Every structure is written in structure tokens, then in C-alpha cells.
Amino acid sequence: METTTIYKENRLHDLAYLGIRLALGAIFIVHGYAKVDAGFAGFLGRLGLPAEMQILIALAEIVPGVLLIAGVITRISASILSTIMLGAIFYVKKPTELTGQAGFELELILLVSSLLLVAVGAGKFSASHTLKKLPGFLK
């Protein structure tokens, strides 16, 4: 009976990882697509960054977001997104308030979610699990 319980827990864990991957991927795709707008280039200028980084930053959110949804190269994609969130928290938001207009609560939960996927991988409900020939670090 204990084996059945462990199996059900693992299945629930894999469903949870799927949900986190889908939600996180969708959020980053939407936010990355919004960075294609010309207004984001102006925002980069106000931060002291070159406007040419606009497309690079947008792709750095869109591509890993798509890969998370597919469940391929999850750990690497989540690592990239974690790095982006660290930059958003410490370079853009300059953490002074957790909540409110200048708060970094969204960035923090996106960072923690990304780090969870770095730790656990894609789970069984993913393309990488279906393609079992992929090395473990790519799952």
C-alpha cells in the first residue's frame, strides 16, 4: 500500500511541475513579447543600457518560456530566467519595498519558481521525459 501512495505523490508532483512550467512559460512569453515594443527601448535608455539590447532581452524571455512549456531543456531555461529575475530585482527594481508600486514581489515569485524548476527539472509530463535519450541535465 505504501508503494501506491508514493506513486500517487510522485504523479501529483509531476502535475504540479507541469502547472508551474506552463504558468511560468506563459508569463515569460507574454512579458518577453511586450519587450518588443518600442517603449521598452526607451526604458532601457533610462536605465543606462543600450537600446540594442531590447531584442536580446525579449528573446531571453520568450525562448526559455517556450522551452519550459514544451518541457525541453527545462533546467537551463529556468537558469536563464532566474538570472533575468535577479537582474530585474537588483538592477531594475533595486529592492527597497516588497509590495506596492515599486515592489519586487512578482519578480521574487518568478525567481523562486524558476529556481524550483532548476532543482527538480521538467517532471514526467514533458517532452524531455518522452524523449528519454536526452542527458539528465537537459531535462
Side-chain angles (χ1 to χ4, degrees):
M1 200 148 166
E2 191 173 322
T3 308
T4 306
T5 305
I6 292 171
Y7 175 75
K8 286 182 182 178
E9 282 181 4
N10 289 340
R11 175 159 254 159
L12 288 176
H13 291 171
D14 290 323
L15 281 171
Y17 303 149
L18 172 65
I20 291 169
R21 280 192 2 255
L22 294 177
L24 201 57
I27 289 168
F28 276 104
I29 290 169
V30 169
H31 281 258
Y33 184 73
K35 288 175 175 63
V36 176
D37 185 67
F40 185 68
F43 176 72
L44 289 176
R46 287 191 298 276
L47 288 176
L49 297 172
E52 293 80 17
M53 289 187 65
Q54 174 185 10
I55 298 300
L56 180 65
I57 293 170
L59 287 175
E61 291 185 10
I62 294 170
V63 172
V66 170
L67 293 172
L68 283 184
I69 289 174
V72 179
I73 315 175
T74 301
R75 287 189 166 107
I76 294 172
S77 298
S79 296
I80 292 167
L81 296 174
S82 296
T83 304
I84 291 170
M85 287 299 94
L86 285 171
I89 291 170
F90 291 106
Y91 190 76
V92 177
K93 294 285 184 154
K94 297 181 174 69
T96 54
E97 298 178 33
L98 179 62
T99 61
Q101 182 110 8
F104 62 95
E105 66 210 283
L106 174 64
E107 291 80 4
L108 182 62
I109 196 69
L110 293 175
L111 170 63
V112 171
S113 300
S114 297
L115 290 174
L116 173 72
L117 291 176
V118 170
V120 300
K124 290 182 182 175
F125 301 116
S126 63
S128 64
H129 183 73
T130 305
L131 306 168
K132 295 180 190 263
K133 294 180 182 177
L134 287 176
F137 71 92
L138 291 179
K139 293 185 177 183

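Please read these numbers as outputs of a predicted model, since none were measured by experiment.
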Determine, using the 4.5 Å side-chain heavy-atom cutoff (strictly less than), whether V66 and L22 are members of one ILVMFWY cluster.
yes
With the side chain counted from C-beta on, respond yes when L44 and I57 share a heavy-atom pair under 4.5 Å apart, and no when they do not.
yes
Are side-chain heavy atoms of D14 and Y17 found at a separation under 4.5 Å?
yes
Should I80 and V63 count as side-chain neighbours, where that means a heavy-atom distance under 4.5 Å?
no
Taking every non-hydrogen atom, the tightest pair across A58 and K35:
CB-CB, 4.0 Å
Closest approach of M85 and L110, non-hydrogen atoms and distance?
SD-CB, 3.7 Å
Provide the closest heavy-atom pair for A51 versus A41 in the form atom of the first, atom of the second, distance.
CB-CB, 4.0 Å
Is there side-chain contact between S114 and F28, with heavy atoms separated by less than 4.5 Å?
yes
same_hphob_cluster(L47, F40) at 4.5 Å side-chain heavy-atom cutoff:
yes
Nearest heavy atoms of R11 and F125, plus distance in Å
NE-CZ, 3.8 Å
Does L98 belong to the same Ile/Leu/Val/Met/Phe/Trp/Tyr cluster as L86, with side-chain heavy atoms less than 4.5 Å apart forming each link?
yes
Measure from the side-chain N and O atoms of Q54 to the backbone N and O of V36, and report whether any donor-acceptor pair falls under 3.5 Å.
yes
When you measure from the centre of the six-membered ring of Y91, is the NZ or CZ of K94 under 6.0 Å away and within 45° of the axis?
yes
Give the cluster check for I89 versus L49: same hydrophobic cluster or not, with ILVMFWY residues linked at side-chain heavy-atom distances below 4.5 Å.
no
Hey, quick one: are V30 and L24 part of the same hydrophobic cluster, counting side-chain heavy atoms closer than 4.5 Å, chains of contacts allowed?
no
Reported CD1-to-CG distance for the pair I84 and L111, which is rounded to 0.5 angstrom:
11.5 Å
Hey, are the side chains of L117 and I20 touching, using non-hydrogen atoms and a 4.5 Å cut-off?
yes
Quick one, L68 and T74 - any side-chain contact, counting heavy atoms below 4.5 Å?
yes
Return the minimal non-hydrogen interatomic distance between H31 and L106, and the atom names on each side.
CE1-CD2, 4.3 Å
Minimal heavy-atom distance between K93 and E107, with the atoms involved, is CE-OE2, 3.1 Å
With side-chain contact (heavy atoms from CB on, under 4.5 Å) as the test, pick out the partner of V118 among S113, S77, S79.
S79
